[in-house]
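Each remark here refers to the structure printed beneath this line.
Residues take their numbers from the sequence shown, with the count starting at 1. All values reported here derive from a predicted model rather than from experimental measurement. Computation of the quantities below employed the complete heavy-atom set of this structure, encompassing side-chain atoms and omitting hydrogens, waters and symmetry-equivalent molecules.
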Amino acid sequence: MMPLAAHAVRETIRQQFPALDQEVNGKPLVYLDNAATTHRPKAVLAAMDEFYTRDNANVHRGVHALSQRATDRFEAAREEVRHFINASDPSEIIFTKGCTESINLVAGSYGASLKAGDIVLLSHMEHHANIVPWQVAAGRVGASVKPIPITDGGEIDLDAFGGMLTDRVKVVGVKHVCNAMGTVNPIARIIEMAHAVGAVVVVDGAQGLAHAAVDVQALDVDFYAMSAHKTYGPMGVGALYGKRALLEAMPPYQTGGSMIRKVTFEETTYAGLPDKFEPGTPNVAGVIGFGEALKWIRSLGIDVISAHEDRLRDAAHEALGQIPAVRLIGMARAKVPVISFTLDGIHPHDVGTVLDSEGVAVRTGHHCCMPLMERLGLPATTRASFSVYNTEGEVASLARAVKRAADLFR
């Protein structure tokens, strides 16, 4: 596909995102906090508004027209997620509140099969949401959680990982893409290595879904967690992909209405997939918005999006690299446009404050990756993360603002 021209991003794509058309502190907004959350195009906002203004009803529970329409749109979104990641069956798609709940579901349900002496391996760059649930699950039974080492360049040490794999390893958890550094992990190789010792692999796809094509069947991944709000969709909704055989064998994670087949005071039998893992009233509008967001991505083409973002990444590396006080953090060979950096002698929070005064929105802190920051010997970083609606002009705005911060604190 042809690359996105600068004018196409500026005139065609950006016009679809109303929130980008504003000023902050008297300056045009330069929104570079996309790894925290992306904005939503008009198509997503319109789909959610249409549900509430026309089809508002609970799903799967009514024979009236509104309920049927709501159910049809809800299940169409499930099919959109299935198609987007090439799952074999819509029942392998479980709607959740987001990546955090998806991983908690796996840790709480599949994790119930862990036994004393079992090992869970997690990469040293994992988000807290893929560390704490496994610590809780392992702690209940006397299993252990161990970190997979990473290199100084911010990549998983595959040789060290291979040396840790034994038949005691039951679960391997890894990010598809690191939210703090932008590293794209070699998940296909990690899955292959883990499966060789009988371990299942849980991939945190929060940062991966919007940047690269995902084919869960080709990857042979066991579980893949997704978050809508990092893929141009609404907050508070996401999905879990799981292999059907694994999901069918797992006990329910939460209980209540919708996930049952029959209830008596003597016993309860559970519904099949995906209902078993979707108790209660779902976020119907959010699910519809999620499906619409994935349609929007497909309409542009993930390859086109990735190519544009790669140009922004390279331009940002070059521009920031020319500022003597800047130290770029995590320069992996495979990266999405997440640029983490420090300024000599200046706390990242101070950097972020100066950038905000220039209308440039970035993220500062440990990015929910305290073990990673400890490994890197840093308290925090400043993170600029780009998306398809960002421009090379905004790269220049970032560099100017960082230069101003460096000069201000010199």
Side-chain angles (χ1 to χ4, degrees), residues 34-41 44-45 47-48 51 59 73-87 90-110 126-134 173-179 187 201-212 214 216 221-243 246-247 250 253-254 258-259 273-298 302 368 387:
N34 294 287
T37 192
T38 52
H39 285 283
R40 287 121 203 112
V44 170
L45 300 174
M48 296 173 67
F51 167 74
V59 295
R73 296 182 69 185
F74 185 83
E75 292 303 327
R78 194 189 309 275
E79 172 59 24
E80 182 63 38
V81 178
R82 183 213 66 77
H83 176 68
F84 196 86
I85 64 171
N86 193 34
S91 67
E92 294 179 315
I93 306 301
I94 311 298
F95 286 123
T96 66
K97 290 189 297 184
C99 259
T100 297
E101 186 176 50
S102 294
I103 294 169
N104 272 273
L105 190 162
V106 180
S109 183
Y110 185 83
E126 289 310 298
H127 191 282
H128 299 160
N130 203 20
I131 297 176
V132 180
W134 292 109
V174 63
K175 292 175 175 175
H176 190 168
V177 170
C178 179
N179 66 302
I187 57 173
V201 180
V202 183
V203 174
D204 174 353
Q207 302 292 335
L209 200 66
H211 297 292
V214 176
V216 294
V221 65
D222 300 295
F223 298 101
Y224 193 94
M226 294 163 273
S227 186
H229 76 101
K230 298 180 191 293
T231 55
Y232 312 102
M235 293 180 177
V237 67
L240 171 70
Y241 160 79
K243 287 181 176 176
L246 292 172
L247 292 172
M250 288 159 52
Y253 171 59
Q254 296 175 323
S258 301
M259 52 76 63
L273 298 176
D275 299 336
K276 181 172 73 170
F277 293 108
E278 294 182 357
T281 298
N283 180 357
V284 180
V287 166
I288 290 170
F290 188 15
E292 194 67 34
L294 297 183
K295 283 185 190 176
W296 187 85
I297 292 173
R298 287 200 297 112
I302 195 69
C368 293
S387 189

For this session: Could you check whether the rings of H176 and Y224 sit parallel, tilted or perpendicular, using 30° and 60° as the cut-offs?
Result: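 Perpendicular.
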Within the distance-only criterion (no hydrogens, no angle test), does the side chain of [X] pair as donor or acceptor with the backbone N or O of [Y] below 3.5 angstrom?
X	Y	value
E292	I288	no
T231	A228	yes
S102	A239	yes
R298	A293	no
K276	M250	yes
T37	H229	yes
K175	G205	no
N130	E126	no
R40	G233	yes

Any side-chain heavy-atom pair from [X] and [Y] closer than 4.5 angstrom?
X	Y	result
V174	D204	no
V106	W134	yes
L209	V214	yes
E75	P90	no

How close do [X] and [Y] get, heavy atom to heavy atom, and via which atoms?
X	Y	result
P282	V59	CG-CG2, 3.8 Å
M226	L240	CE-C, 4.2 Å
C368	H127	CB-NE2, 3.2 Å
A77	V287	CB-O, 3.4 Å
V221	Y241	O-CE2, 3.5 Å
A210	I302	O-CD1, 3.5 Å

For this session: Apply the test side chain to side chain donor-acceptor pair (under 3.5 Å) to residues T38 and S387: give CA-CA distance (whole Å), side-chain angles for both, the deciding distance (0.1 Å), then the verdict.
Result: CA-CA 8 Å; T38 52; S387 189; over 6 Å; no
Problem set entry | R78/E278 salt bridge by N-O under 4.0 Å criterion |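 Salt bridge flag = yes for R78 with E278.
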Exercise. With the threshold set at 4.0 Å, does a side-chain nitrogen-carboxylate oxygen contact exist between K243 and D222?
Worked result: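 Between D222 and K243 there is a salt bridge, with a charged N closer than 4.0 Å to a carboxylate O.
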Problem set entry | Check: F277 ring centre within less than 6.0 Å of F95 ring centre |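 No, they do not, as the ring centres are separated by 6.0 Å or more.
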Problem set entry | Derivation and outcome, side chain to side chain contact (heavy atoms under 4.5 Å, CB included), residues L105 and I103 | CA-CA 5 Å; L105 190 162; I103 294 169; over 6 Å; no
Exercise. What's the spacing between F51 CZ and F74 CZ if we round to 0.5 Å?
Worked result: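 So the gap between those two atoms works out to 9.5 Å.
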Exercise. Taking it one step at a time, do N104 and Y253 satisfy side chain to side chain contact (heavy atoms under 4.5 Å, CB included)?
Worked result: CA-CA 9 Å; N104 272 273; Y253 171 59; 3.4 Å; yes
